[in-house]
Structures are given as C-alpha cells and as structure tokens.
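Below, all heavy atoms of this structure are taken into account, side chains as well, without hydrogens, waters or symmetry copies.
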Amino acid sequence: MRRLLTPPWIVLHCFAVVLTVGFGLLGWWQLGRAQGGNAISWGYAFEWPLFALFTITLWIRQMRLELRKDRPEGPSRRTEPPPVTSPFESAILKARQSESDPNQGSTA
C-alpha cells in the first residue's frame with residue numbers, strides 16, 4: 001500500500017482527481033447549454049461524464065496492477081488450455097510420412 005504514496009503516484013492521484021472533476025464540470029456546463037436550447041450540447045453533456053468514468057476506471061486499474069506486484073509469486077491460478085488437435089491428425093501424419101518415405105513408392 002505504501003507504493004501508492006510515492007511521489008509519482010501522488011502526482012498521478014492528483015492528475016486523476018483534476019481530470020475527473022474537470023470532466024464533471026465540463027459535463028455540467030454542457031448540460032446547462034443543452035437546456036438553454038443548444039441541441040448538440042446534449043451529446044457532450046453525456047460524453048464528458050463518460051470521460052470522467054473512464055478516468056476513474058483507468059486510475060483504479062493502475063492501482064490494482066501496482067498492488068498486484070506486492071503479492072508473492074505463487075502457482076498460477078490459470079491453467080493452460082488443452083492442446084488443439086485435429087480429428088484428421090492421424091491421416092495427416094500418414095500422408096506426410098508417405099510423402100517423405102521414398103521406399104513406399106507410388107502405384108503409377
């Protein structure tokens with residue numbers, strides 16, 4: 001948790017707060033313009049709060065990734081998927097073997 005209180009992270013926290021508040025204020029401003037009769041401002045009135053949510057989402061994601069570095073290395077929770085095989089694998093291998101084996105010859 002201390003890792004999130006280093007000077008670079010404090011700057012990032014301040015930046016995220018400034019962006020979120022700024023986007024919220026811009027959304028409020030566009031909402032006022034839209035209610036005043038500016039039709040295109042309706043789109044911006046919904047767009048700016050989405051930018052604020054996006055900023056918060058990225059901020060939380062970065063903090064979680066940083067905190068995940070503190071966890072001890074353990075066995076991976078994810079398991080490897082099974083290898084993908086073809087139902088025609090044996091026929092393909094036989095064909096490749098017959099192509100590379102000159103002793104079998106062809107019946108031409």
Starting from the C-alpha separation in whole Å, work towards a yes-or-no answer on side-chain contact (heavy atoms from CB on, under 4.5 Å) for Trp42 and Gln35. CA-CA 8 Å; Trp42 283 110; Gln35 289 174 342; 4.1 Å; yes
Determine, step by step, whether Phe23 and Leu53 satisfy the side-chain contact (heavy atoms from CB on, under 4.5 Å) criterion, reporting the C-alpha distance in whole Å, the side-chain angles of both residues, the deciding distance to 0.1 Å, and the verdict. CA-CA 9 Å; Phe23 291 155; Leu53 288 175; over 6 Å; no
If you look only at pairs with a residue in residues 89-98, which of them pass as a salt bridge (Lys or Arg N to Asp or Glu O under 4.0 Å), with sequence neighbours excluded?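 Residue pairs passing salt bridge (Lys or Arg N to Asp or Glu O under 4.0 Å), neighbours aside: none found.
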Residue pairs, two or more places apart or on separate chains, that pass side chain to side chain donor-acceptor pair (under 3.5 Å) and touch residues 20-29: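 Pairs touching residues 20-29 that pass the test: none.
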Indicate yes or no: at least one non-hydrogen side-chain atom of [X] is less than 4.5 angstrom from one of [Y].
| X | Y | value |
| --- | --- | --- |
| Phe46 | Gln30 | no |
| Trp48 | Leu25 | no |
| Leu4 | His13 | yes |

Heavy-atom pair of closest approach, residues Ile10 and Leu5: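 Heavy atoms only, the tightest pair is CD1-O, 3.4 Å.
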Heavy-atom closest contact (Gly27 atom, Pro49 atom, distance):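 Closest approach of Gly27 to Pro49: CA-CD, 4.2 Å.
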Are [X] and [Y] linked, directly or through other ILVMFWY residues, by side chains that come within less than 4.5 angstrom of each other?
| X | Y | result |
| --- | --- | --- |
| Trp9 | Ile56 | yes |
| Leu50 | Val21 | no |
| Val17 | Met63 | yes |
| Leu58 | Leu12 | no |
| Trp59 | Leu19 | no |

Can you confirm whether Leu65 is buried at CG, in the sense that more than 12 heavy atoms of other residues, nucleotides or ligands lie under 6.0 Å from that atom?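 Yes.
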Under the salt bridge (charged side-chain N to carboxylate O under 4.0 Å, His left out) rule, collect the residues that match up with Lys69, sequence neighbours excluded.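 For Lys69 the salt bridge (charged side-chain N to carboxylate O under 4.0 Å, His left out) partners, ignoring immediate neighbours, are Glu66.
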